[in-house]
K.L.:
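I'd like to ask some things about the structure below.
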There are 2 protein chains.
Amino acid sequence: MALFVHKYGGTSMGSTERIANVARRVAKWARAGHQVVVVPSAMSGETNRLLGLAKELAPSKSQASYLRELDQLAATGEQASSALLAIALQAEGLQAVSYTGWQVPVKTDNAYTKARIESIDDVRIRKDLDAGKVVIVTGFQGIDDVGNITTLGRGGSDTSAVAIAVALKADEALIYTDVDGVYTTDPRIVPKAKRLSTISSEEMLEMASLGSKVLQIRSVEFAGKYRMPIRVLSSFTPWDIDLTEEATSGTLITFEEDENMEKAVVSGIAFSRDEAKISVLGVPDTPGIAYKILGSVADLNVEVDMIIQNIAKDGKTDFSFTVPRGELARTVEMINSKLVPELGVTEVRSDDRICKVSIVGIGMRSHVGVASKMFKTLSEEGINIQMISTSEIKTSVVIDEKYLELAVRALHSAFGLDNDAA
Amino acid sequence: MALFVHKYGGTSMGSTERIANVARRVAKWARAGHQVVVVPSAMSGETNRLLGLAKELAPSKSQASYLRELDQLAATGEQASSALLAIALQAEGLQAVSYTGWQVPVKTDNAYTKARIESIDDVRIRKDLDAGKVVIVTGFQGIDDVGNITTLGRGGSDTSAVAIAVALKADEALIYTDVDGVYTTDPRIVPKAKRLSTISSEEMLEMASLGSKVLQIRSVEFAGKYRMPIRVLSSFTPWDIDLTEEATSGTLITFEEDENMEKAVVSGIAFSRDEAKISVLGVPDTPGIAYKILGSVADLNVEVDMIIQNIAKDGKTDFSFTVPRGELARTVEMINSKLVPELGVTEVRSDDRICKVSIVGIGMRSHVGVASKMFKTLSEEGINIQMISTSEIKTSVVIDEKYLELAVRALHSAFGLDNDAA
C-alpha cells in the first residue's frame, strides 16, 4: 500500500462526464489498496468566467482589498469541482470527502492572487485516509493568518498537489494533464520528438521556463526542495487501463542524481518565441552603466533575460538585452524618453523577430564540447547566432525567428534525440 | 446614524449590471452616514446550476456524506456573488469586504441542507463597520462545530439577514425583493389589493404559510423571537430614489402590539391551491382512533393541515383531513392498504379540486362576529363551505377550487380591503 496524490487539471474536470471518469480512475487506485488524495482544478472555463464577471464590475485595480475579493471569488471554482468529485466518488461506492484550502488548512502568506504556501496541516487528511476515505483537497487556494482566502496564481493547483504530497510524505505526486509526458522538444515542430521516461528536476525547470508548459514551475521547485517525485501523465488514457501500466506511464521528474548517470548528454531542446531584443549603442563605458540601464528597465517591471555588453571602444560601448515581446514597445519608449537624453546614447535598435533556442541536459556538467557542437550544428545550417548565454545545464542562443524550426530540428537530431521508430 | 442589514435576492443579483445597481443603492445608504451590512443571495440560476451538476453525478442520496458535499458545492454561489458585490462597491469608491459564513463565523448545527443558526460572532463585522466599511456576508450558509460548511435550505438568506441583524442589534433588516411589499391579497386575483404599510409578525406568519411567498417563514419566526423589525421592499425601484422615501417604502413587519391598535380587523386574505381532502368513512368511534389514522399519515412524512371528526352515529364516525396535493396519491394508497383492513373502514373518498381561503387579522382577537361575517359573505355568493378551522388570528375554510377567485374577491371587499384608488 502506498500513498499517492493525484492532480487533475481543468480540462480533465471539464464536464460531469469527465468528472465521473476521474472518479473511476481514482477508484481504481483506491480499490488496489492505495491511499489517494486528489487535488482538482476548477472545471475548465470556470475561473475565467468568474474573473470575467469581476472585470465587468471593476476593470482593473491593484489594491489589496480588491485582490482579496478576487481570491474570495476565484476560490469558489475549485470548491465546487472538489465537491462534485466527492459526489462522483460516492456514486462509485467509495467513501469520499472534499476540503477547501481553509478546511485543511493550507496556510499561505497574504499575497492575494499569488500567495505562497507556508504550511499544511496533515491531521485531518490523514485521519480520513486512515478511515478508508478518498480525500479531495481544492487546489490553487489557501488561507492567510487572519482567515482570508488566498489563491496561488494560475497553475497553482500543481503546487498545491506537490505541497500536499510533501506534507503527507506521499510516495509520488501524479499530475494528470492533457499531454502524456515531457518530450525532448515540441512534437509539433519535431515529429520525431520522444517522450522522456524520466527527467531531472533541474532539467525540468529549464525546460518549463523555456516554454514547455506542462507544469507550473513553482511546483517543480517545491518538489525539488523536498525531493518529492512528480509524474506527469495523461488523463485521457482510458480510465480502466492496467494500474501498473498507468503507474509507470508519462514522465517521472526525479531528484536522485545517480538515476541520471546513464542519460544522454542533452535531454531536450527548448525554445521560446516570446522574445525581443533591444540594443543601446554608444553608451559611455563607465562603472554603474549596466545598473543604470537595467535598473530603469526593472523599474518598469519588465523582466530582462539575456544580456550582452560589448567590449568598449573609445570609452563607449554597446549594450544588448532581451525582454518579453509584449514589453518591447514600452521598454523602448522609456529608453528613448529617459536614457537617451541622460546617457547620450547614439542609437537604440529593437528587433521583435528573434527567438531563443536552448539545449538542456544535466550531462553537460560532465561533458565538454557540448556548446561548441551546438554552434557548429547551427553554423552548418547557415544560422547566425546573435546572442549566447550558458549555465551549468543549458546553453541558449538568440537567432532570427525564421530559423526556429530548422534550428530545433537540427539540434534534436545532432544530439541523438530523434525517435527513429516515429 | 443607524445600522441596517440589507438582503438582496437572486433576481436582484442576476447580472453584473444588476449587481452594480445594488452597489449604487447600498452606496446611497452608506453615504447618508448609515452603517450597512449586505446579505446577497447567489446570482439567480446559480444554485440550480450547481445542484443540477451534482444530480448528473449521483441522482439522489440522503447520506450525510453526500449532503455535506451538496452544501460544500451550493455555498459557492453566495461566496461568488458576495465577492462580486464587494468589487462593485469598491468600484463605487466605497470600502467593502465580503465574508463567507465560516469567516464571520455563522455557527449552525450540522443538519446539512437545512441547518439552523446557533450563533453569530459580531466582532469582525463590527470592527469593519466601525472602520467605515460596508460589510457583505454570504446568505444561506454557515459552519458547524467541526468546520464543515452547512446551508440553511432554500430561502435561507432571509433568515441569515435577520439573524445577522439580531446579532448586530441593527435598527432594521431590509429585505429587497422582486415585489414591493406584502399585499392584502394576491393582486393577480384582486386588482384592488392594497400594499400594507405595516403588518404584525403573527399576521405575516399566517400570510406566508398560507401562500404569500414573500419571505422565508423561518426568518419571520426568528425576527419575532428577537423583536427585529423587517421591511420588505422592492429592489427594482430606481437606485437613486430619495433615501427617506425608500426607507419608508414597502411593508414593515412589526413586533410591537400597540402599533396595531388602529388597524383593520382583517389585514389580508390568504389562499392556497396546494390542498387535497381525504375522507375516511365508517371509522369505529373508539379512543385513539384519530391517533391511529393521523399517526399513520405522519409516518409517511405527510403534513396534515385541517382535520374534522364528525359526530358519531351508531358507534361509527367519519374523519376528514387535508394534505398537500402532491401527497394525496400515496396517502390514499397507504389508507387503502393499511387502515381499511385494520379499521374496517367502509369508504375512502378523496378530492384534489379543493382550495383553502383564510382571513387573517390580529384584530380578530378583540372583535366578535368576524368568522360569521366570512361565512355570510361566502353564502351570499353561493359558495359551499366544506371544512372550517379557526385560530386566534385567522379563520380558514376549504371550498371547491373553482370558487377560489370569487371567494377571495368577495371577502376582500366585504372586509373593507379594496383599494378604491386602484
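In what follows, every chain begins at residue 1, and chains take the letters A, B, ... in the order their sequences are listed. None of the values given here were measured: they were computed from a predicted structure.
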K.L.:
For chain B, which of Q63(A), Q95(A), R49(A) has the most heavy-atom pairs under 4.5 Å?
P.N.:
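Highest number of heavy-atom pairs under 4.5 Å: R49(A).
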K.L.:
So for D71(A), is it side chain, backbone, both, or neither that comes closer than 4.5 Å to the heavy atoms of chain B?
P.N.:
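Neither part, no heavy atoms under 4.5 Å.
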K.L.:
Using a cut-off of under 4.5 Å on heavy-atom pairs, state which of R68(A), E92(A), E56(A) scores highest against chain B.
P.N.:
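Sorted descending by pairs with chain B, the first entry is R68(A).
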K.L.:
How long is the gap from CG on L70(B) to CD1 on I87(A), to the nearest 0.5 Å?
P.N.:
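So the gap between those two atoms works out to 4.5 Å.
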K.L.:
Can you tell which part of A74(A) gets under 4.5 Å to a heavy atom of chain B, answering side chain, backbone, both or neither?
P.N.:
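For A74(A), neither part sits under 4.5 Å from chain B.
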K.L.:
Is there any residue in residues 102-128 of chain A with a non-hydrogen atom under 4.5 Å from a non-hydrogen atom of chain B, and which ones are they?
P.N.:
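Checking residues 102-128 of chain A against chain B gives W102(A), Q103(A), R124(A).
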K.L.:
Examine whether an atom of T100(A) lies under 4.5 Å from a heavy atom of chain B, and if so say whether it belongs to the side chain, the backbone or both; otherwise answer neither.
P.N.:
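Both the backbone and the side chain of T100(A) come within 4.5 Å of chain B.
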K.L.:
Please classify the contact of I136(A) with chain B as side chain, backbone, both or neither, using a heavy-atom distance under 4.5 Å.
P.N.:
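For I136(A), there is no contact with chain B at all, as no heavy atom is under 4.5 Å.
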K.L.:
Top residue by heavy-atom pair count (under 4.5 Å) with chain A, among A96(B), A86(B), S65(B)?
P.N.:
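With the most close heavy-atom pairs to chain A, the winner is S65(B).
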K.L.:
Please state whether the side chain, the backbone, both or neither of Q72(A) comes within less than 4.5 Å of a heavy atom of chain B.
P.N.:
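For Q72(A), heavy atoms of backbone and side chain both lie under 4.5 Å from chain B.
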K.L.:
Rounded at 0.5 Å granularity, tell me how far CE in M43(B) sits from CG in L53(A).
P.N.:
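The CE atom of M43(B) sits 5.0 Å away from the CG atom of L53(A).
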K.L.:
Minimum heavy-atom separation for L57(B) and L84(A), please, with both atom names.
P.N.:
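Distance-wise, the nearest heavy atoms are CD1-O, 3.4 Å.
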